Amino acid sequence: MRTPIIAGNWKMNKNRAETKSFIEQVKDFSVDGVEAVLCVPYTDLAILKDSLPSQIKIGAQNIHWADNGAFTGEISPLMLKELDVQYVIIGHSERREMFGETDETVNKRVHAAYKHGITPIVCVGEKLEEREAGKTKEIVKEQTEKALVGLSSEQVKQLVIAYEPIWAIGTGKSSSAEDANEVISYIRSVVADQYDQQVANEVRIQYGGSVKPENIVSFLAQSDIDGALVGGASLEPNSFMALVKGAKTNEQ
Ligand SMILES: O=C[C@H](O)COP(=O)(O)O
């Protein structure tokens, strides 16, 4: 049984006052049987460490592979650990497209996260033109295989993969639940080929791309979708709480 996981990705949004206000509104919220995570800008992590209720876990949006050194603008795993970060998004399409992230650097960051006991949320997904050219499976296979290079079976069992078709991010055009499930089930088969079926059965795979309280239930109702990585709809407390509750609805 895979526990559903809803991760909010605030991207580059919310100042300190807005973050404190959000926390104030979710402080009494809890749902059993669903993991809830907030992946916030670095400048908000200390606020979450000091005041986020423990039933919501703290996530970051990137991690460097070195413990420290001359890497201007990067963030060390040790720095994240100090702030009680338990999850980190790695290889988001915005980082791949705008900041030169490659499959190789994704893999290095994944290893660094595990070295320090932080669980990676590895993003994979195709661009619109790749989908239209029928290359979706080829793209997600390559991204998944390369992200996992050198990981043990136990590490992969703990991993979270987020399938995010790039054309569905922030556009209001979500994939259909059935299409997302087909790709996610394919990603699971890629993990089974690279490791084995037991590992593939345990790895959690989220869908991301215009997920909202109105459609979360339909995604989670699918056989292979274990949660969601949510951008815009995670920025508002009531919406975030509704997403987590929606994942629970499906679990029952
Ligand atoms: O990390 C989250 C995804 O990029 C999805 O963003 P979105 O929910 O705003 O479409």
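Just so you know, ligand 1 is whichever comes first in the structure, and atom 1 is the first atom listed for that ligand. Computed from a predicted model, the values in this text were never measured in an experiment. Computed from heavy atoms alone, side chains included, the values below leave out hydrogens, waters and symmetry copies.
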S.K.: Starting from atom 9 (O) of ligand 1, what is the nearest protein heavy atom, named by residue and atom, and what distance separates them?
M.R.: Gly232 N, 2.9 Å

S.K.: Under 3.5 Å between any N/O of Gly209 and any N/O of ligand 1: does that happen in this structure?
M.R.: no

S.K.: Check contact between Lys11 and ligand 1, using heavy atoms of the residue and a distance below 4.0 angstrom.
M.R.: yes

S.K.: Can we say Arg188 and Asp226 salt-bridge, meaning some charged N sits less than 4.0 Å from an Asp/Glu carboxylate O?
M.R.: yes

S.K.: For Gly170, take its heavy atoms, then give the atoms of ligand 1 lying under 4.0 Å from any of them.
M.R.: 7 (P), 9 (O), 10 (O)

S.K.: Less than 4.0 Å between a side-chain N and a carboxylate O, is that true for Lys141 and Glu138?
M.R.: no

S.K.: How close does the nearest protein non-hydrogen atom get to atom 1 (O) of ligand 1, and which residue and atom is it?
M.R.: Asn9 ND2, 2.9 Å

S.K.: Got the closest protein heavy atom to atom 8 (O) of ligand 1, with its distance?
M.R.: Gly231 N, 2.9 Å

S.K.: Mark yes or no for whether Ser76, through its side chain, and Asp67, through its backbone, hold a donor-acceptor pair below 3.5 Å.
M.R.: yes

S.K.: Mind checking the CD-CD spacing from Glu202 to Gln158? Nearest 0.5 Å is all I need.
M.R.: 9.5 Å

S.K.: If we only count heavy atoms from C-beta on, is the Gln206 to Phe219 side-chain gap below 4.5 Å?
M.R.: no

S.K.: So, applying side chain to side chain donor-acceptor pair (under 3.5 Å) with Glu101, which one of Arg96, Arg109, His92 is it?
M.R.: Arg109

S.K.: Among all the protein's non-hydrogen atoms, which is closest to atom 2 (C) of ligand 1, and how far away is it?
M.R.: Glu164 OE2, 3.2 Å

S.K.: On the 0 to 90° scale, with breaks at 30° and 60°, tag the Phe240-Phe22 ring pair as parallel, tilted or perpendicular.
M.R.: tilted

S.K.: Report the part of Ile169 in contact with ligand 1, treating N, CA, C, O as backbone and CB onward as side chain, heavy atoms under 4.0 Å; options are side chain, backbone, both, neither.
M.R.: both

S.K.: Please determine if Ser210 has a nitrogen or oxygen closer than 3.5 Å to a nitrogen or oxygen of ligand 1.
M.R.: yes

